[in-house]
Amino acid sequence: MKKSPTLVSVVAMALLMLTAAPVLAHFGALIPSSAIVGKDDPKTVALQVKFIHPLEQHFMEMVKPKQFGVIHAEQKTDLLASLKEAKGSSPDQTEKFTFWTTEFPIKRPGDYTFYVEPTPYWEPAEDLYIVHYTKVCVNALGLEEGWDQPVGLETEIIPMTRPYGLWTNNLFTGQVLLKGKPVPHAEVEIEYLNASPGNPSMVLPPADPYVTQVVKADANGVFSYAMPRAGWWGFSALNEADWTIDHDGQKKNVEIGAVYWVHTRDMK
Amino acid sequence: MKIPRTVAVCMLVSLLFGGTALAHKVNLFAYVEAGKVHTESYFPDGRPVEDGKVLVYDSGDALLLEGRTDQEGLFSFPIPKVDDLKIVIDASMGHKNSFELKKAEVEAGK
């Protein structure tokens, strides 16, 4: 016998959806058109700056970041003024959300680490602000220098695996820093970017725990994860800031994330 | 099976140098500024290619000039021709690579 849903079950479902929402991991995303620029490649890198759920492809509204730049040969360049506003959404989102794009001309060989400090994002479901300091490295013209250097952000992941030229199933190892010091036993969330260019089919998680992978760092803040699919992978180490932000006259906690993106390719 | 001594030596030598060539690919980067073409030759880890031979060809593959890199891996020369330039770095032991400078880039750097 087919039963129509009772009011109780509808309310229960709605509650479940509400409480389920915070389980989804937010990720700052900084995705370049290519992680490696060779001598015969176009010398302009397009970058997208987003705040998303990488596996589910959901966008969140992102206002203009506080800081956006690149470090190359130990020199920082401010690129904030180059950001252009764009709109996007996942297939199951009806509303359009703001993200940011830019194009960066590669002028010299070496590693270019792009970094973004977003404007704090108010998350009512978690009653806190979120700031994800996000980085990605683009290697240019055969000179592999700079990728292991810190930018000097409040919190950041320092790659210990060279973060480009990675095969699928490679192990990515990084160290989580907070104010320049390793974070013992830091928790690191990992997600696959379903919208990775070249992803042959959407990854559909069979159960919630598959969406976000979780690893814990050792006593030196060092973590590792083997990436089982070609495309972009986001690593996010979350900590609580020792500062607060006023929201409607109340002091609210701030989740600060150190996010790093790496790209893998299938061996063939 | 007995491996002839010369073959064994060759294998050993190729192992030694073959390994080096793979791990130490040479690169050349060039740009044009104030009427001069500047080249930089380096290994992936940033070490300069010292005393490497640099050969400059035009779009018809004619050799325009050649020179050698200094201790910092640098070699500069006045623009030899406003054309697509192919610049080759030829270091020892078969370390070789090239870089293309487009005519427009050469023109812009006059």
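Here is how names work: the chains are called A, B, and so on, in the same order as the sequence lines, proteins then strands, and each is numbered from 1.
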- Enclosure of A:Lys64 NZ (heavy-atom neighbours >12, cutoff 6.0 Å): yes
- Message: A quick test of your reading: do over 12 heavy atoms of other residues, nucleotides or ligands sit less than 6.0 Å from CD of A:Glu85?
- Response: yes
- Query: How far apart are the closest heavy atoms of A:Leu143 and B:Phe43, and which atoms are they?
  - Reply: CD1-O, 3.7 Å
- Calculate, to the nearest 0.5 Å, the distance between atoms CD and CG belonging to A:Glu145 and B:Asp45 respectively. 7.0 Å
- Message: Using heavy-atom distances under 4.5 Å, tell me whether B:Tyr31 contacts chain A through its side chain, its backbone, both, or neither.
- Response: side chain
- Query: Would one find more than 12 heavy atoms of other residues, nucleotides or ligands at under 6.0 Å from atom CZ of A:Arg265?
  - Reply: no
- Quick check: does any side chain N or O of A:Lys39 sit under 3.5 Å from a backbone N or O of B:Glu100, one acting as donor and the other as acceptor? no
- Could you tell me whether A:Lys76 atom NZ has more than 12 heavy atoms of other residues or ligands within 6.0 Å of it? yes
- Item | Distance (rounded to the nearest 0.5 Å) between A:Lys43 NZ and B:Glu105 CD | 8.0 Å
- Message: To the nearest 0.5 Å, what is the distance between CZ on B:Phe29 and CD1 on A:Ile106?
- Response: 10.0 Å
